[in-house]
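For the numbers below, each heavy atom of this structure counts, side chains included, while hydrogens, waters and symmetry mates do not. Within every chain, numbering begins at 1; the chains are lettered A, B, ... in the order of the sequence lines, protein sequences first and strands thereafter.
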Amino acid sequence: MRLSKLFGKTQREIPAEAETASHQLLLRAGMIQQLAAGVYSYLPLGWRVLKKIENIIRDEMDKAGGQEVNMPVLQPFEMWQQSGRDQALGKVLFTLSDRRERKLALGPTHEEVVTELAKYNVQSYRDLPLLLYQIQVKFRDEPRPRGGLIRVREFLMKDLYSFDADEAGLDISYQKMREAYQNIFDRCGLPVMLVEADSGAIGGKDSREFMVVAESGEDEIIYCPGCNYAANAEKAVSVKEKIDNGKPLPVEEVATPGAGSIEEVAAFLKIPHHHTLKAVFYIADGKLVFVVIRGDLEVNEVKLNNQLKASELRMATEAEVIKAGLVAGAASPVGIKGFKVIADDSVNSGTNFVAGGNKPDTHLKNVNYPRDFKADIVADIASARVGDKCPGCGGILASTQGIEVGHIFKLGTTYSQKFDASFIDKKGESRPLVMGCYGLGLSRLMAAVIEQNHDEKGIIWPLPIAPYQLYLCPLYKEGAKVEEVTEKLYAELEAAGFEVLFDDRQESPGVKFNDADLLGMPIRVTVSPRTLEKGSVEFKKRSEKESELVPLDGIAARLKKMVTEFNSV
RNA sequence: CGGGGUGUAGCGCAGCUGGUAGCGCGCAUGGUUUGGGACCAUGAGGUCGGCGGUUCAAAUCCGCCCACCCCGACCA
């Protein structure tokens with residue numbers, strides 16, 4: 001491709017809209033262009049990258065036994081009501097009406113449709129296992145799109161769905177996908193971390209996310225440097241230390257004038273935070289929920305909602321707390337009635353806690369569970385934190401930010417039961433299909449690659465997904481044979497099967513080198529009067545500082561070797 | 001949805017106490033240049049986000065709305 005003809009211009013200035021590295025560089029390189037919040041066009045260079053990623057994914061999906069299909073983006077809204085996910089997804093689901101006022105949704109994911117598809121095409125265990133996938137645009141009306149391609153409302157995603165006869169079969173499909181995913185990320189030159197995750201509105205188990213470590217990542221990963229424990233902070237668990245506070249004593253009232261928060265109460269009574277229990281109030285689908293947790297811990301809302309299964313969960317306002325007849329600052333689970341009480345299992349981690357007294361400026365000493373109050377549910381609903389003990393090896397947990405590029409998990413029979421998708425097993429009995437679901441965001445993957453592979457000059461594409469392999473860069477000078485040699489070289493290299501971006505513009509060397517660095521092709525081939533004097537051209541890898549002179553004859557052979565080396569890394 | 005910010009040429013920005021819009025980059029033409037964003041000359045390009053109000057007069061003051069960005073909430 002001749003750069004002089006390429007659609008899309010590079011920009012010197014950093015666009016004011018962009019903050020993350022990948023966003024800035026994609027815009028400056030002329031690879032994407034924004035149309036609306038979280039909606040982008042892909043220009044030729046960006047689109048080539050996406051197609052390369054797509055081909056790698058397709059290759060690995062096919063190798064793992066997947067069959068490619070294409071399902072509708074436009075879906076009847078009733079389907080979402082049938083699965084109940086119109087509620088779970090809420091406003092994230094884009095909806096519209098057709099001319100007959102029938103409500104439709106733009107597909108944010110395809111469990112419903114694929115289950116419907118399988119229902120009519122799978123009758124027997126002989127049809128299983130079945131792996132169906134597609135690479136297609138998805139629509140999600142995000143509350144807040146951000147970071148360029150990191151979180152968008154219209155994006156390319158690969159989604160594969162596995163269908164098996166039983167759990168054992170699902171385990172095999174799941175394992176295959178896990179390996180295929182690892183292969184994909186390896187081939188894209190992207191180191192990933194496999195972490196335990198929550199499965200969200202879809203529901204399911206063995207939920208794992210493939211995370212790319214990046215400062216700009218939206219997810220916090222809690223991991224253990226000592227063993228291989230790693231989890232999304234939404235899901236992460238840590239050891240809750242036992243608090244030794246003596247044998248249970250009788251409950252005792254104590255005046256705590258002016259002390260409301262745990263901070264104040266602990267300071268007033270001169271006790272550590274972990275000798276207290278705090279009450280936190282949430283509104284779950286309009287109802288107030290009373291949450292009890294040890295004073296030094298924080299409630300993890302994802303874990304909390306996994307217990308409550310509410311479609312809308314938020315903290316209660318102070319007004320709502322007061323209206324419910326509770327004493328803000330001194331509310332206590334002891335003696336409380338008429339509320340759903342959820343306790344973190346840390347209430348069992350010690351004895352003689354200080355809790356609210358349900359009277360202003362009053363607290364209770366020596367509160368013990370379950371002697372003094374009962375919870376409807378006792379479960380782990382606390383956030384694991386950096387510095388906590390690892391549940392695996394007892395080491396100290398650390399954290400980092402990550403971008404979720406892939407998510408795999410087991411759905412089981414949730415959807416096959418809702419949509420009555422069953423098959424006849426060996427014994428002639430009808431059974432629901434056992435499903436798994438595996439998503440991978442292409443646009444986001446592209447952004448993540450840049451987050452991990454760039455410098456102050458620009459992008460450094462891993463060779464397998466670079467828009468072009470070579471940046472052919474002649475430095476024209478009258479009288480020298482640069483043009484003649486480069487034109488010939490360009491033709492030769494293309495004939496030899498290389499993907500060449502040929503900077504045939506009449507620009508100064510500075511402009512060309514800077515654009516070459518910005519655009520990030522893996523190998524730059526410079527032809528100039530200086531190199532021609534030595535009968536050579538210059539090779540420079542984008543990822544390295546040094547360049548080398550290579551004799552004119554045998555360039556193609558030399559490049560073949562370089563490309564092979566690149567690919568084997 | 002709450003908080004903060006920004007909308008002026010393709011991009012980055014200036015434009016005070018109102019007087020009818022400017023700079024740099026880019027773009028076009030001509031010329032001189034050519035190993036890290038060169039230089040000279042000439043030129044094109046703007047409903048100042050939108051609507052309404054105040055005023056003789058609004059990019060500028062006031063009101064409403066919209067869009068986009070950041071933080072939070074939320075997040076398949």
Side-chain angles (χ1 to χ4, degrees), chain A residues 8-20 23-24 27-28 30 33-39 80 83 85-86 88-94 105-112 138-148 150-153 155 157 159 197-204 207 209 216 218-219 232 234 282-283 301-302 305 311-315 317 404 406-407 409 411 437-441 444 457-458 473-480 482-483 505-518 524 526-533 537-538 540 545 547 549:
Chain A
K9 292 257 189 302
T10 58
Q11 282 178 4
R12 275 182 211 204
E13 315 254 12
I14 297 168
E17 307 286 84
E19 256 180 30
T20 54
H23 191 194
Q24 291 181 351
L27 288 171
R28 284 189 56 211
Q33 187 170 309
Q34 185 172 25
L35 185 64
V39 181
W80 291 88
S83 69
R85 285 211 295 177
D86 58 326
L89 286 161
K91 288 180 176 171
V92 169
L93 198 61
F94 271 109
L106 297 180
T109 174
H110 282 70
E111 283 78 9
E112 284 80 358
K138 296 275 187 279
F139 293 89
R140 295 179 187 179
D141 196 357
E142 294 294 339
R144 184 150 90 85
R146 69 183 103 187
I150 292 179
R151 192 169 202 82
V152 290
R153 298 193 296 169
F155 59 101
M157 177 168 157
D159 45 330
D198 186 69
S199 43
I202 294 178
S207 174
E209 290 169 340
S216 55
E218 303 176 286
D219 291 296
N232 191 313
E234 294 175 348
Y282 284 87
I283 304 288
E301 290 186 15
V302 174
N305 202 27
S311 59
E312 201 196 322
L313 179 71
R314 60 172 174 83
M315 290 265 281
T317 61
E404 176 195 344
H407 194 174
F409 54 100
L411 291 169
C437 147
Y438 318 84
L440 199 165
R444 188 183 277 185
K457 286 283 192 180
C473 188
L475 302 179
Y476 297 125
K477 184 169 191 174
E478 237 166 286
V482 175
E483 185 166 2
R505 299 171 303 170
Q506 294 288 337
E507 287 287 356
S508 68
V511 171
K512 290 189 171 187
F513 289 152
N514 278 295
D515 276 344
D517 288 343
L518 174 59
R524 188 181 77 194
T526 308
V527 184
S528 74
R530 200 193 277 183
T531 64
L532 290 183
E533 262 173 38
V537 301
E538 178 197 86
K540 184 184 168 299
K545 269 210 152 84
S547 59
L549 284 178

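Listed candidates were G36(B), C74(B), C70(B). Nearest to the side chain of P143(A) is C74(B). Considering only the side chain of A36(A), C68(B) comes nearest among A73(B), G36(B), C68(B). Distance from the side chain of A37(A) is smallest for C68(B) among the nucleotides G26(B), C68(B), G35(B). Side-chain atoms of K457(A) lie closest to G36(B) of the nucleotides G36(B), A73(B), G35(B). Closest to the side chain of K477(A), from the set U34(B), C68(B), C75(B), is U34(B). Across C69(B), C11(B), U34(B), the shortest atom-to-atom separation from the side chain of Q11(A) is found for C11(B). Taking only side-chain atoms of D515(A), from C-beta outward, the nucleotide of U34(B), C75(B), G37(B) with the closest atom is G37(B). Set against A73(B), G35(B), A38(B), the side chain of R146(A) has A73(B) as its closest nucleotide.
The base of G36(B) is not paired with the side chain of R530(A) by any donor and acceptor separated by under 3.5 Å. With hydrogens and angles ignored, a donor-acceptor pair under 3.5 angstrom links the side chain of S528(A) to the base of G35(B). For E13(A) and G26(B), a side-chain-to-base donor-acceptor distance below 3.5 Å is absent, hydrogens and geometry of angles not being considered. A donor and an acceptor atom sit less than 3.5 Å apart, one in the side chain of E538(A) and one in the base of G35(B). Judged by distance alone with a 3.5 Å cut-off, a donor-acceptor contact links the side chain of R524(A) to the base of G36(B).
Base-pair partner of G43(B): C27(B) (Watson-Crick or G-U wobble, both distances under 3.5 Å). Base pairing of G22(B): its partner is C13(B), meeting the Watson-Crick or G-U wobble criterion (both donor-acceptor distances under 3.5 Å). In this structure, U33(B) forms no base pair with any nucleotide, since neither Watson-Crick nor G-U wobble geometry is met with both distances under 3.5 Å. Across the strands present, C68(B) finds its partner in G5(B); the criterion is a Watson-Crick or G-U wobble pair with both atom distances under 3.5 angstrom. Pairing partner, C74(B): none, since no Watson-Crick or wobble contact has both distances short of 3.5 Å. Base pairing of G63(B): its partner is C51(B), meeting the Watson-Crick or G-U wobble criterion (both donor-acceptor distances under 3.5 Å).
In this structure, K477(A) contributes its side chain and S528(A) its backbone to no donor-acceptor pair below 3.5 Å.
Contact detail for V482(A) and V527(A): the closest heavy-atom pair is CG1-O, 3.6 Å. Listed here is the closest heavy atom pair of L93(A) and P108(A): CD1-CG, 3.4 Å. Heavy atoms only, all atoms of each residue included: Y476(A) and R505(A) are closest at CE1-O, 3.6 Å. Smallest separation of non-hydrogen atoms from P145(A) and G38(A): CB-CA, 3.7 Å. Counting all heavy atoms, side chain and backbone alike, D198(A) lies closest to S207(A) at O-OG, 3.2 Å. A18(A) and Q24(A) get closest at one heavy-atom pair: O-NE2, 3.2 Å.
Here, U8(B) and C16(B) have their P atoms 16 Å apart, quoted to the whole Å. Comparing G15(B) with A67(B), their C1' atoms sit 23 Å apart, to the nearest whole Å.
Backbone-only engagement by E301(A) is indicated by non-hydrogen atom pairs under 4.0 Å involving sugar-phosphate atoms exclusively. Heavy atoms of R153(A) sit nowhere under 4.0 angstrom from any nucleic acid atom. At the heavy-atom level, F139(A) lies nowhere under 4.0 Å from the strands shown. G107(A) comes within 4.0 angstrom of no nucleic acid atom, judged by non-hydrogen atoms across all strands. Within 4.0 Å (heavy atoms only), I14(A) reaches sugar-phosphate atoms of the nucleic acid but no base atom. Here V511(A) lies in heavy-atom contact (under 4.0 Å) with a base. Among the protein residues, E507(A) comes within range of the nucleic acid bases, having at least one heavy atom under 4.0 Å from a base atom.
Both K91(A) and M157(A) lie near RNA chain B, and the one whose nearest nucleotide falls closer to the 5' end is K91(A). For L35(A) and R144(A), each mapped to the nucleotide of RNA chain B holding its nearest heavy atom, the one lying further toward the 5' end belongs to L35(A).
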